[in-house]
> 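Submitted below is the structure of interest, expressed as structure tokens.
Each residue takes its place number in the sequence, starting with 1.
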Amino acid sequence: MPDIVLVDDHPVVRLGVRAVLSGHPDLAVVAESTTVAQAVHDVAVRRPRLVVLDVVLGGRPVGPALCRTIKDEAAPAVLVLTARTAPAEVTAMYLAGADSLVHRTSPPATLLATVRATIEGRRVWAPAHHEIGPPPGDGHHDPAEQLAPEHLTPREREVLGLLLQHCPNADIAAALHLGLPTVKTHVRAVLRKLGLARRQDLFRNHAA
């Protein structure tokens, strides 16, 4: 039975996730963590197959760093369940090693299917498409800046974030105010630098 650790500081969210999963005997929530320290401890002790976490914890965008730590120390699958799907944040979670990402408002059936797929080793990236443009300049640190490979430029990180939201080239061009040929060039560069042949490879099984 795959063990699951929930990491979220909102009790209603944890209650909802547990309610979705508790009716399935093949899934077991073995711990609920509300802080970074508690999450690291629970994952180290429980050794779960899956960790479900948010981008933000304690009011800070610590999800990428926490994901990297969990992956480095215990290597479970990580599913990001969040309402934060700005391109920079989606990019940060992907580059931190997250296996899947689903929007918090997704139907219970979508969450359950994503949990099962992630445990089985498949990537599922299903952020909401409410707004595809880059986040407004609010003076906050770009969460993708620290975790992105040095060889990805800031513009390429923006493009990657939109690719992870399944945006076609035309939508990326509109969101970033770029010409379509320029977008195609950036997409090719991103895929090449990530060692991928096609954009679909972003979402393929890890073992593929």
> Could you check Asp99 against Leu50 for side chain to side chain contact (heavy atoms under 4.5 Å, CB included), going step by step and ending with a plain yes or no?
CA-CA 10 Å; Asp99 300 273; Leu50 178 70; over 6 Å; no
> Verify whether one side chain among Ser33 and Asp42 offers a donor that lies under 3.5 Å from an acceptor in the other.
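Looking only at side-chain atoms, Asp42 and Ser33 do form a donor-acceptor pair, the distance falling under 3.5 Å.
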> Check Arg104 with Asp8, please: is the shortest side-chain N to carboxylate O separation under 4.0 Å?
yes
> Looking only at heavy atoms, what is the nearest atom pair of Thr85 and Pro127, with distance?
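Smallest heavy-atom distance, with atoms named: CG2-CB, 3.6 Å.
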> Backbone N or O of Arg49 within a donor-acceptor pair of the Asp3 side chain at under 3.5 Å?
no
> Do Leu163 and Ile172 touch side chain to side chain, with heavy atoms closer than 4.5 Å?
yes
> Specify the closest pair of heavy atoms between Leu176 and Glu158, including all atoms of both residues, with the distance to one decimal.
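Heavy atoms only, the tightest pair is CD2-OE1, 3.8 Å.
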> Check whether the side chains of Gln38 and Thr34 place a donor and an acceptor atom closer than 3.5 Å, and report yes or no.
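Side chains of Gln38 and Thr34: pair found under 3.5 Å.
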> Does Arg157 reach the main-chain N or O of Leu152 with its side chain, forming a donor-acceptor pair under 3.5 Å?
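It does hold such a pair.
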> Under a 4.5 Å side-chain heavy-atom rule over Ile, Leu, Val, Met, Phe, Trp and Tyr, are Val124 and Val78 clustered together?
no
> Do the side chain of Ser100 and the main chain of Thr118 share a donor and acceptor less than 3.5 angstrom apart?
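Not confirmed, Ser100 side chain does not pair with Thr118 backbone.
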> Is any side-chain heavy atom of Leu112 closer than 4.5 Å to one of Leu27?
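Touching, per the 4.5 Å side-chain cut-off.
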> When you group the ILVMFWY residues by side-chain heavy-atom contacts below 4.5 Å and let the links chain together, are Leu196 and Val159 in the same group?
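Yes.
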> If you round to the nearest 0.5 Å, how far is CG of Asn169 from OG1 of Thr182?
11.0 Å
> Could you go step by step and tell me if Tyr94 and Leu202 meet the side chain to side chain contact (heavy atoms under 4.5 Å, CB included) rule?
CA-CA 9 Å; Tyr94 185 90; Leu202 289 167; 3.3 Å; yes
> Once you round to the nearest 0.5 Å, how far does NZ of Lys193 lie from NE2 of His151?
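The NZ atom of Lys193 sits 6.5 Å away from the NE2 atom of His151.
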> Could you check whether any side-chain heavy atom of Leu160 comes within less than 4.5 Å of a side-chain heavy atom of Leu95, counting everything from C-beta outward?
yes
> Side-chain contact test, heavy atoms from C-beta onward, threshold under 4.5 Å: evaluate it for Arg122 versus Phe203 and give yes or no.
no
> Working to the nearest 0.5 angstrom, can you tell me the gap between Arg188 CZ and Arg199 CZ?
11.5 Å
> Is any side-chain heavy atom of Leu57 closer than 4.5 Å to a side-chain heavy atom of Val36?
yes
> If only side-chain N and O atoms count, and only distance matters, is there a donor-acceptor pair under 3.5 Å linking Arg116 with His24?
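The criterion, which ignores hydrogens and geometry beyond distance, is satisfied for Arg116 and His24.
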> Are Asp201 and Arg123 close enough for a salt bridge, meaning some N to O gap below 4.0 Å?
no
> Is there a side-chain contact between Cys67 and Ile70, using heavy atoms and a 4.5 Å cut-off?
no
> Look at the side chain of Ser106 and the backbone N and O of Val102, then say whether any donor-acceptor pair between them is shorter than 3.5 Å.
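No; zero donor-acceptor contacts below 3.5 Å.
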> So how far is it from Leu81 CG to Leu101 CG, rounded to the nearest 0.5 Å?
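One finds 8.5 Å between CG of Leu81 and CG of Leu101.
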> Indicate, with yes or no, if Val30 and Val43 share a hydrophobic cluster defined by side-chain heavy-atom contacts under 4.5 Å among Ile, Leu, Val, Met, Phe, Trp and Tyr.
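Yes, it is one cluster - the side chains of Val43 and Val30 are joined through contacts under 4.5 Å.
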> Do the side chain of His186 and the main chain of Pro181 share a donor and acceptor less than 3.5 angstrom apart?
no
> Hey, does Pro64 have a side-chain heavy atom less than 4.5 Å from the side chain of Met93?
yes
> Among Ile119, Val52, Ile4, find the one that has a side chain to side chain contact (heavy atoms under 4.5 Å, CB included) with Leu79.
Val52
> Going through the distances and angles, do Leu162 and Asp171 end up as a side chain to side chain contact (heavy atoms under 4.5 Å, CB included)?
CA-CA 9 Å; Leu162 293 168; Asp171 287 354; over 6 Å; no
> Could you measure the distance from the CD atom of Glu156 to the OG1 atom of Thr185? Nearest 0.5 Å is fine.
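Glu156 CD to Thr185 OG1: 10.5 Å, rounded to 0.5 Å.
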> Rounded to the nearest 0.5 Å, what's the gap from CG on Leu15 to OG on Ser22? Could you check?
9.0 Å
> Passes side chain to side chain contact (heavy atoms under 4.5 Å, CB included), Arg60 versus Val56? Steps please.
CA-CA 5 Å; Arg60 297 184 296 124; Val56 175; 5.7 Å; no
> Side chains of Glu32 and Val5: closer than 4.5 Å at any heavy-atom pair?
no
